[in-house]
Each structure stands twice: as C-alpha cells, then as structure tokens.
2 protein chains.
Amino acid sequence: MHEVIENILKRNQLSVTGSRVRILELFLGQQGALAHGDIEKRTGEKFDRVTVYRTLQVFLNKGIIHTIPTADNSIRYALCKDDCAGGHHHDNHVHFVCNECGSTICLDEVTIPGVKLPIGFEPTQVEMVISGVCKDCREK
Amino acid sequence: MHEVIENILKRNQLSVTGSRVRILELFLGQQGALAHGDIEKRTGEKFDRVTVYRTLQVFLNKGIIHTIPTADNSIRYALCKDDCAGGHHHDNHVHFVCNECGSTICLDEVTIPGVKLPIGFEPTQVEMVISGVCKDCREK
DNA sequence: AAGAAGATGCAACTTTGTTGCAAAATCTTT
DNA sequence: AAAGATTTTGCAACAAAGTTGCATCTTCTT
C-alpha cells in the first residue's frame with residue numbers, strides 16, 4: 001500500500017510527506033469521493049486545515065484527483081484513473097451521489113453517453129451526476 | 001414584462017416585493033444562469049445579502065428556479081420552464097458552462113440521454129453539465 | 001551531513017452562508 | 001382608503017469555508 005502511494009507521488013514529482021501519504025491512503029481505502037471536511041475528520045484533525053486545502057490543490061493540478069460537480073454546494077474529490085495527465089484529464093465516467101448515506105461514488109464502468117449539442121457549442125468536458133439511492137443503502 | 005413577473009409571483013402565492021421583482025427581472029433579462037454573487041452585483045447591492053439568499057431559497061422551493069451543479073464551488077440558479085411544480089420539478093436538460101465567458105446556459109432542447117446503472121442503484125435525478133466554448137464565444 | 005528547495009502550521013483575514021429579531025412593506029378585509 | 005394581520009426586509013451577530021504571508025520545520029539532493 002505504502003509502495004503504491006510513494007509511487008503515485010514520485011511519478012508526479014512530489015515529495016513524500018505525511019499529509020500527502022495520509023490523504024492518498026484515505027482515497028485508496030474507499031471507493032467513494034471525499035469532501036474537504038471528510039478528510040479533515042478522518043485524519044483526526046492531525047493536519048492543519050490549510051495543509052489539507054493545499055494538498056488537495058496540488059493533487060488536482062497534477063491530475064491525481066478530480067472534482068465532482070454536485071447540486072448542493074460541496075466540492076467532492078475522487079482519485080483519477082491512472083491515465084489522467086496533469087491538468088486536462090479525461091474523466092468520462094458517471095458519478096453517483098447517494099441521498100441516504102451521502103457518499104459519492106465513481107461508476108467507472110458506466111460511460112457517459114454522447115449528446116448532440118446545438119451548432120456553435122464546442123464541448124471539452126462532460127460531467128454526469130446521478131443522485132438517488134446507492135446499492136449498499138438499498139440492501140438495508 | 002412587469003406583467004409576466006407579477007404573474008409568476010401570484011401564481012406561486014408570493015407577495016410582490018421589490019427584491020423578488022428585481023431578481024426575476026434579472027433572470028428573465030438573459031438566457032444564462034446566475035450565481036448568488038452575480039445577482040448581488042447586478043442589483044447594484046440594492047438589497048441585503050440575506051434578502052437575496054432568502055429570495056432565491058423561496059424561488060427554489062416554489063420551483064421557479066433550479067440549481068445547476070458545477071465542478072467549481074459556485075451554485076448557479078436558472079429559471080425553470082413553466083411546468084416545474086413546487087419542490088420536485090423535472091429538470092432534464094443539459095447545462096453548458098462556457099470556459100471563455102463563464103456563463104452557464106440551459107440547453108432546454110437537449111435532453112439528457114438515459115444510462116444504465118449497475119444493479120442496485122436507484123436513480124432519482126440526473127444532471128449533465130458540459131463545459132467548453134459557447135456559441136457566442138466561438139463566433140468572435 | 002549540510003544546504004537548497006519545498007511543505008507545513010499559525011495567525012490574520014476574506015468570502016460565503018445562516019439565524020433571531022425589530023422595523024418596514026404587503027396583502028386582506030371592511 | 002385605512003387598520004390590522006401577515007410577510008418580508010435589513011441589521012447585527014455569528015458560523016463555516018477558503019485564502020495569503022511568513023517563519024519554521026521536512027524532505028530531497030549531492
């Protein structure tokens with residue numbers, strides 16, 4: 001596990017530091033997405049709020065994580081699949097937000113269908129967020 | 001114009017007040033979506049910040065406007081088409097965010113295609129946001 | 001092991017959003 | 001058209017979220 005994390009960091013020319021390792025651990029340890037607040041809580045407030053902000057910012061710039069749009073105000077972050085290059089990365093899967101448990105899940109296997117835009121509009125990125133009840137909550 | 005606005009308000013059992021009229025004017029006077037900040041600026045800070053928040057909240061509850069999810073943190077609001085009933089309204093069109101001019105546009109004529117979710121997931125709402133370059137910016 | 005480069009924590013601050021309450025505006029009724 | 005009931009508004013105070021500068025501490029390089 002720690003091997004994998006060091007790898008991610010080094011591949012992106014990032015130094016291996018406590019907060020970066022811990023935050024990547026969190027992302028790797030679950031399939032869903034994390035909001036800033038989640039991360040603060042789950043690290044046991046071990047790192048400064050500012051450090052978490054800056055770490056996430058760095059990960060975003062490097063394309064290690066991506067943001068997920070939500071209808072409510074909160075930014076969610078999720079790990080990118082390996083082939084996301086810094087900055088412009090391709091994040092063409094559907095995101096699911098569960099209204100019961102609040103978790104956000106990347107449905108990597110569900111590809112976003114194409115749409116035909118009116119003439120003149122030139123798309124560069126497509127996001128699709130589906131909210132409802134997730135598998136785990138349905139089974140309860 | 002004012003006729004139309006009064007109509008919207010009365011249809012929703014809302015009293016006709018300065019801020020409500022002005023804010024609806026803004027929405028009707030352009031095709032895109034507005035963030036809270038836009039509204040404050042364009043009203044010339046004539047209304048209290050709190051009033052704007054509360055007005056938007058009321059419009060949301062009545063289904064006069066709807067929110068648009070964005071990957072950055074800002075909530076955008078746009079007018080609903082007439083047939084949105086209070087609370088649960090159907091907002092099944094694609095939203096477009098222009099990276100040049102920053103405007104958010106409802107593509108009412110583009111319907112969100114259906115997707116097949118993995119077993120167990122039960123969707124209640126689907127949002128689709130496409131970013132890129134809008135028609136107006138392309139033509140420049 | 002030492003120096004350079006980079007990351008962290010702290011403090012102070014800005015921006016964004018919320019709540020309670022008194023004053024003001026709107027609507028209803030006569 | 002005015003009085004009273006009901007809503008809405010603005011203010012103040014607060015809470016939460018995010019940012020910046022700077023000194024200190026870590027990490028990386030050689």
Side-chain angles (χ1 to χ4, degrees), chain A residues 2-3 5-26 33-62 64-65 67-77 86 102 104, chain B residues 2-3 5-26 33-62 64-65 67-77 86 102 104:
Chain A
H2 200 273
E3 289 288 304
I5 290 174
E6 283 211 3
N7 239 310
I8 295 176
L9 290 173
K10 284 180 180 161
R11 189 165 59 228
N12 288 281
Q13 295 118 44
L14 293 175
S15 45
V16 179
T17 69
S19 66
R20 288 178 184 164
V21 171
R22 187 72 192 88
I23 291 176
L24 278 183
E25 257 174 39
L26 284 183
L34 295 170
H36 176 94
D38 297 330
I39 295 170
E40 272 194 79
K41 274 171 218 144
R42 300 203 199 172
T43 51
E45 273 99 8
K46 198 182 156 198
F47 303 104
D48 195 82
R49 222 155 44 85
V50 178
T51 301
V52 176
Y53 279 117
R54 288 198 271 226
T55 304
L56 290 173
Q57 199 53 55
V58 168
F59 287 175
L60 268 184
N61 290 341
K62 293 291 186 179
I64 299 173
I65 58 177
T67 58
I68 300 172
T70 52
D72 70 323
N73 206 16
S74 63
I75 312 184
R76 303 286 178 106
Y77 304 89
T104 303
Chain B
H2 199 275
E3 288 288 304
I5 290 174
E6 282 211 4
N7 238 310
I8 296 176
L9 291 173
K10 285 181 178 158
R11 188 165 61 229
N12 288 282
Q13 294 119 42
L14 293 175
S15 46
V16 179
T17 70
S19 66
R20 288 178 183 164
V21 171
R22 187 73 192 87
I23 291 175
L24 278 183
E25 255 175 40
L26 284 183
L34 295 170
H36 176 96
D38 297 330
I39 294 170
E40 272 195 80
K41 274 171 220 146
R42 300 203 198 173
T43 52
E45 272 101 8
K46 199 182 155 198
F47 303 104
D48 195 83
R49 222 155 44 85
V50 178
T51 301
V52 176
Y53 279 116
R54 289 197 271 226
T55 303
L56 290 173
Q57 199 53 57
V58 167
F59 286 176
L60 269 184
N61 290 341
K62 294 290 187 178
I64 299 172
I65 58 176
T67 58
I68 300 172
T70 53
D72 70 323
N73 206 14
S74 63
I75 313 183
R76 303 286 178 106
Y77 304 88
T104 304

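It should be emphasised that the depicted structure is a prediction, and the values quoted were computed from it without experimental measurement.
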Walking DNA chain C from its 5' end, the first of G18(B) and I75(B) to be reached, judged by nearest nucleotide, is I75(B)
For dG10(D), does OP1 or OP2 lie under 4.0 Å from any side-chain N or O of T51(B)?
-> yes
*Hey, is the main chain of A35(B) close enough, under 3.5 Å, to the side chain of D38(B) for a donor-acceptor pair?*
yes
R22(A) CZ to dA7(C) C1', in whole Å, measures 18 Å
From CG of D48(A) across to P of dT26(D) the rounded distance in Å is 15 Å
Here the distance between atom C1' of dT27(D) and atom NZ of K10(A), to the nearest Å, is 11 Å
F47(B) CZ to dA24(C) C1', in whole Å, measures 14 Å
Looking at T55(A), does any N or O in its side chain come under 4.0 Å of the phosphate oxygens OP1/OP2 on dA7(C)?
no
Of dG9(C), dC27(C), dT9(D), the nucleotide closest to the side chain of S15(B) is dC27(C)
Taking dT27(D), dT8(D), dC22(D) as options, the one with an atom nearest any side-chain atom of R20(B) is dT8(D)
Taken to the nearest whole Å, CZ/R54(B) to P/dC21(C) is 13 Å
CD (E3(A)) with more than 12 external heavy atoms under 6.0 Å | no
R49(A) has its side chain closest, among dT26(C), dA17(D), dG9(C), to dA17(D)
Stepwise, does the side chain to side chain contact (heavy atoms under 4.5 Å, CB included) test hold for L56(B) with I39(B)? CA-CA 10 Å; L56(B) 290 173; I39(B) 294 170; 3.7 Å; yes
Rounded to whole Å, OH of Y53(A) lies from C1' of dT14(C) at a distance of 12 Å
Taken to the nearest 0.5 Å, the spacing of T67(A) OG1 from R76(A) CZ works out to 12.0 Å
Contacts of V50(B) and L14(B) projected onto DNA chain C by closest heavy atom; the upstream (5') one is V50(B)
Here the gap from T104(B) atom OG1 to I68(B) atom CD1, rounded to the nearest 0.5 Å, amounts to 5.5 Å
Separation of dG6(C) atom C1' from N61(A) atom CG, nearest Å, is 15 Å
Whole-Å distance, L9(B) CG to dA25(C) C1', equals 15 Å
| query | Reckon V58(A) touches a base, only the sugar-phosphate, or nothing at all at heavy-atom distances under 4.0 Å? | reply | nothing
